[in-house]
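Okay, so here's the structure we're looking at.
This chain uses plain numbering: 1 for the first residue, then up along the sequence. Remember, it's a predicted structure, so these values are computed and weren't measured experimentally.
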Amino acid sequence: MTSQLYQEQAPAPVLVFPVQDLDPGLLSSAETPIGAPVGDAREEDLRLLEQITSGMGRPQDPWEMSALLETSGLRDLDARRDWGEPDIFALAKRLFERVDELSYQRSEKKETRKTLAVRVVKNYLKGTVFAIPMLLQIVSMAVIGFGLWSYVNFSLRQASAISLGTLLALASTGGISQVIGRKGIYFLKMEQQLLAVEVTKRLFLVGVLLIVWSGVLFSFLNAYFRLFPADMYQLFICYYVLLSLVFLSFAIFYMFEDFGTIALLVLFGTVLTYLCFTVFRIGIVYSQYMSLSVMLLVSLALIILKLRLIKRHTRSEGHLLPGAASLFYSLYPYFVFGTAYFLFIIMDRMLAWTAGRKFLPYFFWFNYPYEVGVDCALIPLVFTLALVEVFIYELGIMAFSRIAQIPAPEVEDFNAYFLKLYRKSAVFFAVFGSCAIAISLLFPYVIESLGYGTYVASFFTPIHLAIFLAAAVAYVLLSWSLLNCITFFSYSRPELALKSLGPALLTNFLVGYVCSRSFEYYYSVLGLLLGAIVFAVLSTVYGTRFFKKYDYYFYSAF
């Protein structure tokens, strides 16, 4: 899923490379006289023609031929010096005269040759693996009563400090994680592995600095306003720093689409916590400290190894890193979106746990019944996020296939086809999401029937069921909105995603704040629900406009 979310297509390559992809034999030495071919002129023309059209099919006119020459790295200087023509366009006309002397075959990825059913199953499973870490935390809490950063028997003081640290870790790393994935995948798709490595390292260090800066800021605020006593603040800052670094390291695995490694790391950390707590009788807090620390070290070791292997196996004649100003300008919309998106996700909890009719010992006070409902509501999100991966992948395949079949005068048919497909997908998504909610509603009952009802007993109350249903609908709508935003990102239109998310975040805050302060704390879930509705409606409106002009967005993104 994040692979499509981050892919960048519009900007021109930032590298300045020699024509390294062409056969060196095609380029003569500097001493070659102007107009003198390296060998037989016809053979040399055919060799060049074969190389620039490899996998691209037969050029339709000299203009397309000149585009192929330019994208292969040839310049007017090369045309004059090595091929005896005044410019690229003259060379293109010369080569086009020989275009029928070769046979052409358009390259096709193995994936596109698979049947639709095989592709759908494969990508749905891939999307499911993407969400497995979240599912593992839910299941571990329901079955054994604790996870990597949670425990059913935490005191309210402990739970409050740890919950705040967890929520702020998500919000603090959301923006930089989005940026790492976006730029890293862009360079990987451009087959510029060295640039991907160098930029990823620098952005990761920026993320670490942001975490350190945030930690210092939180420490200052706590010291000045006396928000938490020392023992609670120690819990907060330790969990915040550890979880922030873990989430930041996961961003690199997401960039490489290495979802399986993330799932294994979370499983490893959960098992390690279980061993430390139940076998070695170490306290739960220190067990989680140790597990998160070991998991972080393993993650960093794997990342360093992977980046070094890429550098070792990549041949390059040099690379030019983009400047800081260029990176900032191209990436700040994605940083803003990533931060706003995670603020949207945590907003209802922040509002619920800072409100209440009764006296709150501290400004933030954990309330576990609300957490039970919204945690179970994450299960439908697992099912629907996997569906997002399928849609985005199939959209890419269909677009590239359809664009080659429809003549330019019939472009309206191209747009109408994908608009109809988009509307059908919306209906299917709604039906699928409803089924996912129904199945998820059975999850606590299944756990109880297996003899683990101790940790899910609190789910079986009218209030918790109402919270679950409202949050579940909100998360399904959120995943549909995310599908729209991924589509916008894939075609370098982040402004459409920001226009959809901005009003939704404001709605989430205003409705949640008013309801949680006017009624009970758990009415903040209405802010989540109405915010998700606004997000889904706006992103669908922009999505409909997008597909009505899909031909324009398709071509302008490349």
Side-chain angles (χ1 to χ4, degrees), residues 2-17 168-218 244-245 247-256 303 307 310-311 316 318-345 482 485-506 542 553 556-558:
T2 56
S3 62
Q4 302 294 336
L5 176 62
Y6 302 136
Q7 186 173 352
E8 186 170 349
Q9 299 175 357
V14 295
L15 301 183
V16 180
F17 270 56
L168 291 181
L170 285 170
S172 299
T173 58
I176 192 64
S177 296
Q178 179 86 341
V179 165
I180 288 174
R182 172 73 181 183
K183 206 62 182 179
I185 283 186
Y186 167 58
F187 287 129
L188 290 176
K189 297 298 182 183
M190 293 284 292
E191 298 185 355
Q192 305 293 354
Q193 283 81 2
L194 288 182
L195 266 180
V197 168
E198 295 302 323
V199 170
T200 297
K201 289 193 299 186
R202 283 159 175 74
L203 291 176
F204 183 84
L205 290 177
V206 170
V208 172
L209 292 176
L210 285 175
I211 294 170
V212 172
W213 180 86
S214 300
V216 172
L217 176 63
F218 295 149
S244 296
L245 292 173
F247 295 155
L248 186 63
S249 67
F250 282 178
I252 298 180
F253 291 112
Y254 281 124
M255 181 191 75
F256 287 111
I303 290 169
L307 296 181
I310 290 175
K311 292 188 71 172
S316 172
H319 58 274
L320 180 64
L321 286 171
S326 174
L327 280 176
F328 175 81
Y329 180 78
S330 63
L331 294 177
Y332 82 87
Y334 303 97
F335 181 88
V336 173
F337 179 87
T339 302
Y341 176 77
F342 280 99
L343 283 175
F344 185 95
I345 290 177
L482 187 60
C485 292
I486 292 173
T487 304
F488 302 149
F489 289 154
S490 298
Y491 294 88
S492 299
R493 299 292 168 177
E495 68 278 3
L496 300 180
L498 291 173
K499 288 179 181 178
S500 303
L501 179 56
L505 179 60
L506 184 61
Y542 288 121
Y553 290 113
S556 63
F558 291 90

Between CG on residue L496 and CG on residue L501, distance to nearest 0.5 Å: 12.5 Å

SG-OH distance between C485 and Y334, expressed to the nearest 0.5 angstrom: 11.5 Å

CG on L203 to CZ on F335, rounded to 0.5 Å: 11.0 Å

Which atom of S500 lies closest to which atom of F488, heavy atoms considered: OG-CE1, 4.5 Å

Pairwise distance CD1(I310) to CZ(F256) - rounded to 0.5 angstrom: 3.5 Å

Candidate pair L482 and Y341, rule side-chain contact (heavy atoms from CB on, under 4.5 Å), full reasoning: CA-CA 9 Å; L482 187 60; Y341 176 77; 3.8 Å; yes

Any side-chain heavy-atom pair of S556 and R493 under 4.5 Å: yes

Gap between atom CZ of F250 and atom OG1 of T173 - 0.5 Å precision: 11.0 Å

P494 and F489, any side-chain heavy atoms less than 4.5 Å apart: yes

L205 vs R202, side-chain contact (heavy atoms from CB on, under 4.5 Å): CA-CA, chis, key distance, verdict: CA-CA 5 Å; L205 290 177; R202 283 159 175 74; 5.6 Å; no

Minimal non-hydrogen separation, A171 against L343, with atom names: CB-CD2, 4.0 Å

Check: I176 and F204 side chains under 4.5 Å, non-hydrogen atoms: no

Test item: E198 and K311 side chains (from C-beta on) under 4.5 Å apart, heavy atoms: yes

Stepwise side-chain contact (heavy atoms from CB on, under 4.5 Å) check, I345 with L170: CA-CA 9 Å; I345 290 177; L170 285 170; 5.6 Å; no

Minimum heavy-atom distance between A196 and L188, given as atom pair plus value: CB-CD2, 3.8 Å

Side-chain touch Y186/V199, heavy atoms, less than 4.5 angstrom: no

CD1-CG distance between I211 and L245, expressed to the nearest 0.5 angstrom: 4.5 Å

Results of side-chain hydrogen bond (donor to acceptor under 3.5 Å, both in side chains) for S172 - residues two or more places apart only: Y240

Residue pair I180, L248: steps toward the side-chain contact (heavy atoms from CB on, under 4.5 Å) verdict: CA-CA 9 Å; I180 288 174; L248 186 63; 3.9 Å; yes

Min side-chain heavy-atom separation K183-S330 under 4.5 Å: yes

Salt-bridge present (E495, K499; N to O < 4.0 Å): no

Heavy-atom pair with the smallest gap, counting every atom of S492 and R182: OG-NH2, 3.7 Å

